[in-house]
Amino acid sequence: MKYFLAVLTCVLAVSLTSSVNADLNLYVKANATDGNGSKAKPFSSILDARDQIRKARQNGKLKPEDKVTVHIEPGVYSVRSSLIFDKNDGGSKGNPVVYRATQPGSVRIQGGLSLGADTFQPVTDTAILKRLPEEVRNKVLVCDLLTVVKEPFAEFKPSYRGVPVGPWLYVNHRPMTLARWPNADAADEGWASFTKVIDKGLPDPKAKDPAKQKSHPGAFVFDDPRPARWKLDQGVWLLGYWTHDWSDEVIRIADYDPQQKIIRLAAPHSYGIMGGTWGAKARRFFALNVLEELDSPGEWYLDRVNKQLYLYPQGKLDYAEIVLATLTQPLMQVRDTKHIRFENLNFEYGHSEGVSLKNAEGVELAGCVVANLASGGISVSGTQNTIRSCDLYHLGTRGISLSGGDRKQLQRAENRAINNHIHDYGLFQRTYAPGIYAHGCGQIVQNNCIHDAPHNAILYGGNENLFERNEIYRVVMETGDSGAFYTGRDWTSQGNILRHNLIHNLGGGDAEHVNTMGVYLDDCDSGDTIEGNVFYRTGRAIMIGGGRDNPILNNLVIDCPIGLHVDSRGMTWKQWNDPKSSGWNLEEKAEAMNYKQPPWSTEYPRLAKIMVDSPREPLYNPIRRNVFVDCSKEVCHMDGNVKMLLDKFEIEHNLAVNTIGAKNGIAMTKDLKGFTNLSGSQSKPIPLGMTVDISGQLKLQQDPRLLKKEASFEPIPFSEIGLYRDEYRKELPKRDPHSY
């Protein structure tokens with residue numbers, strides 16, 4: 001019996017030891033030496049931990065279902081090439097491999113050079129001093145990079161859109177401004193403008209000069225002597241909205257004639273210079289990369305040939321964190337792998353994107369910071385990946401991109417972007433670089449807060465995507481003919497739901513045309529459900545640009561010039577369904593999806609019959625149970641063709657409200673089918689609207705009894721919109737009550 005008990009004790013001991021050993025914990029600490037991955041002797045590199053996990057798998061000591069955690073100590077982890085995780089590095093669905101910062105926000109994975117404050121010295125080169133404005137000559141500092149950067153710096157291209165060549169300078173976690181004119185805080189929001197064009201640069205088949213028979217660089221009159229100060233042979237570029245307020249491009253100055261005040265550009269612009277503008281007549285630009293304009297704190301300039309970095313600091317540099325971002329690869333790439341989670345890590349400083357997930361499954365980023373990057377924040381392709389409670393900011397292009405799923409078979413990707421705070425993006429690519437880009441099939445975008453950007457907040461396409469409980473504000477701040485939510489020119493973009501979002505305080509656009517939109521379904525886009533959203537001060541709240549099958553249900557529109565817009569451009573524009581007109585091959589796109597066959601014909605039966613059902617008409621857009629409060633220009637704008645089709649429209653139980661019974665400045669409907677007018681008075685105002693509390697939070701007044709009685713309106717779960725606290729987001733960002 002004693003022998004049996006002894007054997008049993010040994011068996012249990014071995015069993016327990018095996019169970020304990022199945023949990024692998026590795027430790028990483030920046031600048032550690034002779035590490036073996038233990039807590040006492042940590043690895044110095046994250047890749048060392050990755051490789052140790054690979055070895056344990058290869059020799060059979062670690063199974064896919066075993067629990068693995070890599071604990072990363074505080075520090076800066078500089079990378080000269082991407083951190084790469086592949087098919088050898090994943091875990092299981094129940095036990096993903098976890099890479100976790102031991103202290104949230106303390107681990108920085110960085111793709112740049114840290115520069116000491118002592119490397120910045122007063123400028124002594126007399127030739128440079130003469131080029132600087134006199135009033136700042138004793139304030140600009142220079143850092144000699146000759147011994148720091150061995151390889152030559154690339155030159156800017158004659159023209160580019162989006163990310164310029166690197167590197168870029170960051171001080172105290174903020175991107176510095178390449179020396180420019182006008183300054184960003186100057187009049188007219190930092191723009192110079194012109195109205196007279198000498199050469200649009202568009203092809204002219206009748207031109208005698210063969211060069212002008214094709215696209216060529218344009219020229220314009222700029223009635224200001226400022227360019228005469230600039231050394232154009234050193235390279236000066238102009239970032240401009242040359243024809244449209246939704247198309248930006250940077251083009252080098254080729255020549256300036258000071259007598260005639262003509263600027264000639266060095267490369268053509270695809271739309272020409274003022275080549276058919278819709279909206280404001282004046283075109284605008286600012287000059288960048290101009291040493292002579294290094295005159296404002298936070299501006300910098302790089303002499304790329306002599307490797308001299310000039311900076312006008314915003315304050316003393318004694319304790320400043322100064323980084324020159326140089327890495328032109330993503331800081332981290334996760335490809336062809338499953339089930340890894342990255343927690344509370346900071347991905348900062350690079351001249352590419354932050355994190356790239358390609359063909360990934362079940363990969364999660366939680367509580368991470370992705371910031372100070374020249375390109376995008378996080379790109380995701382694959383299935384069931386999650387970006388949760390992350391902060392993304394100071395990005396040259398977009399924030400998060402989600403793709404995946406099979407559109408043709410309507411198989412959902414189930415990628416998620418949840419509870420992320422995305423702001424100050426689109427710094428280089430000013431248009432079509434959204435906070436979140438969702439395409440493919442079945443992406444889920446919930447409870448994100450997106451703000452402060454020149455163009456779109458959410459740009460989407462594809463099928464069966466859900467956008468729910470997101471807060472969006474201060475976007476579309478310098479562009480026009482654009483929207484916070486934007487999709488366009490596709491019949492097949494079906495099954496998308498925009499529900500219970502808050503969109504408020506948008507900017508930009510042309511006030512005369514009201515060409516900023518809350519939700520913009522452009523150019524016959526079809527199949528979107530807009531339900532239960534709150535629009536507050538958004539320009540045109542909802543715009544249906546000629547499309548169909550777009551239910552507009554139970555939305556609350558407050559203090560917007562135009563509440564709802566429906567037009568018939570499919571009936572009037574000659575490029576309708578023209579494969580030769582850019583993107584207008586609507587039927588061809590549908591045929592590529594086999595739209596007349598299951599599963600498409602089953603899920604979208606009206607689309608399957610569209611070509612025999614007046615395809616040019618904006619039909620099947622039910623407008624029900626919406627409430628429009630204090631619209632200043634029009635409650636509902638419909639063009640002539642739409643008005644003639646109203647008997648085909650399902651419009652019912654909508655309400656137009658004048659809260660205080662104002663005689664002027666508030667629009668009401670006039671005998672419009674399906675609308676009821678309701679007016680309050682100064683003494684008895686109707687309790688519908690928006691207020692801002694002392695903490696900067698918006699508060700919604702919605703009288704459920706009134707709305708239910710008058711419009712069958714269902715209350716919107718306003719308190720559930722936007723960011724929330726969880727284990728990764730312990731605090732919510734503070735707000736300025738005066739910022740709206």
cation_pi(Arg284, Tyr241) dist<6.0 Å, angle<=45: yes

Tell me whether the NZ or CZ atom of Arg606 lies within the 45° cone about the ring axis of Tyr620 and under 6.0 Å from its centre. yes

Residue pair [X] / [Y], side-chain donor-acceptor N/O under 3.5 Å:
{"X": "Arg161", "Y": "Thr431", "value": "yes"}
{"X": "Gln443", "Y": "Asn415", "value": "yes"}
{"X": "Asn447", "Y": "Asn419", "value": "no"}

For the side-chain hydrogen bond (donor to acceptor under 3.5 Å, both in side chains) test, which of Asn465, Thr487, Asn496, Asp528 pairs with Tyr460? Asp528

Ring centroid separation Trp491 to Tyr604 under 6.0 Å: no

When you measure from the side chain of Asn470 to the backbone N and O of Asn448, does any donor-acceptor pair fall under 3.5 Å? yes

Flag, side chain of Lys589 to backbone of Ser493, donor-acceptor distance under 3.5 Å: no

Do the rings of His451 and His423 sit parallel, tilted or perpendicular, given the 30° and 60° boundaries? parallel

Consider side chain to side chain contact (heavy atoms under 4.5 Å, CB included). Of Asp567, Leu645, Ile544, which one does Pro618 pass it with? Leu645

Positive for side chain to side chain contact (heavy atoms under 4.5 Å, CB included) with Ile458, one of Val475, Val445, Ile503: Val445

